[in-house]
Amino acid sequence: MKRIEIKNLLERRDYNAQINVKGWVRTKRGSKNVAFIALNDGSTINNIQIVVDRNDNNADLLENINTGASLSVDGILVESTGTGQAVEVNATNIEILGKAHPDEYPIQPKKHTLEFLREKAHLRFRTNTFAAITRIRHSMIFAIHKFFNDRGFYNIHSPIITGSDAEGAGEMFQVTTLDLDNIPRTEEGEINYKKDFFGKIANLTVSGQLEAELAALALSKVYTFGPTFRAENSNTSRHLAEFWMIEPEVAFNDIHDNMDLAEDMLKFVIQYALDNCMDDLLFLSNRLQEEEKNKKADERSMELIEKLKFVLENPFERVSYTEAIDILRNSKPNKKKKFDYIIEGWGADLQSEHERYLVEKHFKKPVILTDYPKEIKAFYMKQNDDGKTVRAMDVLFPQIGEIIGGSQREENYEKLSKRMAEMEIPEESMWWFLETRKFGTVPHAGYGLGFERLMLFVTGMGNIRDVIAFPRTPLNLEF
RNA sequence: UCCUCCUUAGCUCAGUUGGUUAGAGCACCUGACUGUUAAUCAGGGUGUCCUAGGUUCAAGUCCUAGAGGAGGAGCCA
């Protein structure tokens, strides 16, 4: 008999139909005459209840049906006589596909800590929490592609291995096929990269932006969605060494178009989650509410679904860096010296505590900060006429901080070349990037969205290691 | 990389100013009961107290070093 997915089965009402379901046991509840098995196959967060009549013939069978075991169940779909579910399956035959010995199987029907489950990353998909996150993650991936596809964008696969060491976005992972026990040297005693696979130093990409710009300057509207690698020794709940980044790049867009695009995109994908993942969001919301009970009233955050709707319903606050500095300088925590870094004046880099103050205390909604001092931003950003600032835009979200970083790009060859020289970025490694400003240059803009940071916001999870299946962080590469 | 905190049963955690035999809930086993909802009730015993040293009559508890984890900061998405 063909297997029916539990998601579909739960919606059926054709009682007495013969069906087959396969899945993993979540719990088994004992009884003298009858046993109840909650079975889940990942198609939905909800389980199907399997009802088994106890008799002498199946005592051994039932003994081996423990949490985590996999089953194939033939049975009859019936209306449930109990409360808590509309339909259930009266089992006529159960085959145990794989046992899960209860003394050894670590995922038991109880609350486990997220830290514990991180150490069981191979099995944590089998928990409600991670299955829900995984389903939501899929929907978010799909929503992002849909958003851009619906608007005529082209998806670009930017390279994962790069020969450019000047992307300027952080420490890089080197890629080599050289024998590390016997490194070829030049006559001067330096490592001879001419003998390496590519004949030069190669690294994993830290950004697909530069390649996306090249494509945008022909196809007008493009985006990348790929893995990104940073070898920073970052040990926080917001950083990964390997993460996924979405980088749209649009020719003829200025910074205002760029902000509109970012805001539209975030709202689209959040709406998509509400429209398509409500079961899983409700589960995560309840889970969070349980945790919140242990917190003081003023530390509790907004309920998850309410929070998502709040973002949808309110325009993001657009504020220049200069205005933000004024707000911060006159803020209570600054005057009372509650900030670890006191804002003295214009030019200071904003710390996490300042961004949080603006988003969570002052504006109480997402904020887009623009026009930062050029000294604290990347070389490729469009220089404003004031000679001091660049057309950068950072989208700041409550709890997450910077979820998007972007800018209008400098399209003027001379200005870009001059800025690269000032920042000591070697032109010879970036000649191809500069040539786009030499031939048919146009104003353009783009940004990078950290996909896992979006996932943090949508799921309400607190640690980025719990919204990606196999997180890569310093000293962590088990799975 | 820096600061702070944590590591006790399979899991979640308690363990007093250093003091006798280290505890609870869940899971597991036995029994009862029952169309149950992480079923319930009764009984059963979990152990390298992270590791290695040290102080002490006595260390889960104090000290030193190491390992692992968490939170915050920096870097950033």
Side-chain angles (χ1 to χ4, degrees), chain A residues 25-38 46-54 63 66-68 78-85 88 90 100-120 127-128 167-171 206-209 226-247 262 290 339-341 349-356 376-378 394-397 400-406 447-457 462-466 468 473-476 478:
Chain A
V25 176
R26 282 291 160 77
T27 61
K28 178 185 66 177
R29 289 180 284 276
S31 141
K32 193 178 193 177
N33 303 315
V34 82
F36 300 95
I37 300 162
N46 300 306
N47 304 321
I48 184 77
Q49 176 156 283
I50 310 293
V51 187
V52 189
D53 264 321
R54 278 189 195 275
E63 194 172 320
N66 298 305
T67 299
V78 296
E79 186 171 11
S80 180
T81 55
T83 55
Q85 60 279 316
E88 61 193 20
N90 283 339
H101 199 287
D103 288 346
E104 295 169 36
Y105 184 61
I107 312 297
Q108 292 299 328
K110 67 181 291 295
K111 209 175 178 90
H112 292 288
T113 60
L114 296 169
E115 292 82 11
F116 173 75
L117 293 171
R118 241 169 259 159
E119 291 168 9
K120 311 279 182 227
T127 64
N128 282 332
E167 289 173 18
E171 293 295 311
V206 291
S207 164
Q209 179 199 319
T228 309
F229 307 88
R230 304 269 167 95
E232 306 283 352
N233 191 9
S234 296
N235 293 288
T236 81
S237 53
R238 305 184 306 283
H239 289 87
L240 292 164
E242 176 184 298
F243 62 101
W244 290 72
M245 190 153 64
I246 295 111
E247 294 176 289
E290 287 295 313
F339 283 142
D340 289 336
Y341 296 86
D349 206 350
L350 299 182
Q351 309 292 324
S352 292
E353 57 181 347
H354 306 133
E355 295 179 351
R356 271 208 310 277
I376 58 175
K377 287 293 177 184
D394 286 358
V395 181
L396 310 178
F397 261 36
I400 319 291
E402 187 179 341
I403 196 167
I404 282 179
Y447 59 83
L449 166 72
F451 182 61
E452 282 77 14
R453 290 195 179 168
L454 173 67
M455 282 295 298
L456 281 179
F457 185 75
N463 193 314
I464 202 161
R465 294 161 198 191
D466 298 329
I468 185 168
T473 55
L475 302 175
N476 194 344
E478 181 68 20

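Chain A is the first sequence line, chain B the second, and so forth, proteins listed ahead of strands; every chain is numbered from 1.
A straight line from CG of A:Asp340 to P of B:G74 spans 9 Å, rounded to a whole angstrom. Across the protein-nucleic acid pair, A:Leu456 atom CG and B:A77 atom C1' stand 11 Å apart, rounded to whole Å. To the nearest angstrom, P of B:C11 lies 5 Å from CZ of A:Phe116. Going from atom CG of A:Asp53 over to atom P of B:U34 covers 15 Å, rounded to whole Å. Note: CZ (A:Phe243) to C1' (B:C75) measures 12 Å, nearest angstrom. The interatomic distance linking A:Glu452 (CD) with B:A77 (P) rounds to 14 Å, in whole Å. A:Tyr341 has its OH atom 13 Å from the P atom of B:C3, to the nearest Å. Summarising the geometry, the separation between NZ on A:Lys28 and C1' on B:C28 is reported as 11 Å, rounded to the nearest angstrom.
When each of B:G35, B:U1, B:G69 is scored by its nearest atom to the side-chain atoms of A:Asn235, the top-ranked nucleotide is B:U1. Distances from the side chain of A:Thr81 to the nucleotides B:A70, B:G74, B:G35 place B:G35 closest. For A:Ser352, counting side-chain heavy atoms from C-beta on, the closest listed nucleotide (B:G35, B:G74, B:A77) is B:G74. For A:Leu240, whose side chain is taken as the heavy atoms from C-beta onward, the closest listed nucleotide among B:A38, B:A77, B:U36 is B:A77. For A:Thr236, the side-chain atoms get nearest to B:A73 when compared with the rest of B:A73, B:G35, B:A38. Checking B:A39, B:A77, B:G72 against the side-chain heavy atoms of A:Arg453 singles out B:A77 as nearest. Residue A:Arg29 places its side chain closer to B:A39 than to any other of B:A39, B:G74, B:A77.
Proximity of A:Phe451 to A:Met245: side-chain heavy atoms (C-beta onward) are nowhere separated by under 4.5 Å. Looking at heavy atoms from C-beta onward, A:Leu114 lies out of side-chain contact with A:Asn463 at the 4.5 angstrom threshold. Side-chain contact between A:Val395 and A:Leu449: absent, with no pair of heavy atoms (C-beta onward) separated by less than 4.5 Å. The closest side-chain heavy-atom distance from A:Leu454 to A:Ile403 is below 4.5 Å. Under the 4.5 Å side-chain criterion, counting only non-hydrogen atoms from C-beta, A:Pro474 is not in contact with A:His239.
Using a 4.0 Å heavy-atom cutoff across all strands shown, A:Arg238 reaches at least one base atom of the nucleic acid. Residue contacts for A:Ile246: at a heavy-atom cut-off of 4.0 Å it reaches no nucleic acid atom on any strand shown. A:Thr228 comes within 4.0 angstrom of nothing in the nucleic acid, heavy atoms only. A:Gln351 comes within 4.0 angstrom of sugar-phosphate atoms only, judged by non-hydrogen atoms across all strands, and of no base. When heavy atoms are screened at a 4.0 angstrom cut-off, A:Gly448 is found touching the sugar-phosphate backbone but no base atom. A:Glu247 comes within 4.0 angstrom of nothing in the nucleic acid, heavy atoms only. Using a 4.0 Å heavy-atom distance criterion, A:Thr67 is classed as making no nucleic acid contact. Here A:Asn463 lies in heavy-atom contact (under 4.0 Å) with sugar-phosphate atoms only. Residue A:Ile404 is classed as a sugar-phosphate contact, given heavy-atom separations below 4.0 Å to backbone atoms only. The residue A:Gln85 sits close to a base: some heavy atom pair falls under 4.0 Å.
Going from the P atom of B:C3 to that of B:A65 covers 12 Å, rounded to whole Å. Separation of the C1' atoms belonging to B:C33 and B:U40 is 8 Å when rounded to the nearest angstrom. Using atom C1' as the reference point in both B:U51 and B:U8, the two lie 15 Å apart (nearest Å). Of the C1' atoms belonging to B:C11 and B:U61, the separation is 24 Å, rounded to the nearest Å. Taking atom C1' on both nucleotides, B:C2 is separated from B:C75 by 13 Å, rounded to a whole Å. Spacing between B:U64 and B:G10 at atom C1', rounded to whole Å, works out to 32 Å. B:G25 and B:U17 have their C1' atoms separated by 29 Å, with the value rounded to a whole Å. Of the P atoms belonging to B:G45 and B:G54, the separation is 36 Å, rounded to the nearest Å.
Here the CG-CD distance, from A:Asp394 to A:Glu355, works out to 7.0 Å after rounding to the nearest 0.5 Å.
Ion pairing between A:Lys377 and A:Asp349 fails under the 4.0 Å rule for side-chain N and carboxylate O.
Just one residue in the list A:Thr127, A:Asn47, A:Ile37 forms a side-chain contact (heavy atoms from CB on, under 4.5 Å) with A:Arg26, and that residue is A:Asn47.
No hydrogens or angles considered: nothing links the side chains of A:Arg118 and A:Asn476 as a donor-acceptor pair under 3.5 Å. Counted by atom type alone, A:Arg230 and A:Thr228 present zero donor-acceptor pairs between their side chains at under 3.5 Å.
Between the side chain of A:Glu232 and the base of B:U1, no donor-acceptor pair under 3.5 Å is found. A donor-acceptor contact under 3.5 Å is not formed by the side chain of A:His112 with the base of B:C11. Below the 3.5 angstrom threshold, one finds a donor paired with an acceptor across the side chain of A:Ser234 and the base of B:C75. Between the side chain of A:Arg26 and the base of B:A38 there is no donor-acceptor pair of N/O atoms closer than 3.5 Å.
Residues A:Glu353 and A:Glu115 each lie close to RNA chain B; by heavy-atom proximity, the contact nearer the 5' end of the strand is made by A:Glu115. Of the two residues contacting RNA chain B, namely A:Ile403 and A:Ser237, the nearest-nucleotide position lying further toward the 5' end is that of A:Ser237.
With a 3.5 Å limit on both pairing distances and Watson-Crick or G-U wobble geometry required, the stems of 3 or more pairs in RNA chain B span B:1-7 with B:67-73, B:10-13 with B:23-26, B:28-32 with B:40-44, B:50-54 with B:62-66.
Ring centroids of A:Phe339 and A:His354 are separated by less than 6.0 Å, placing the two rings close together.
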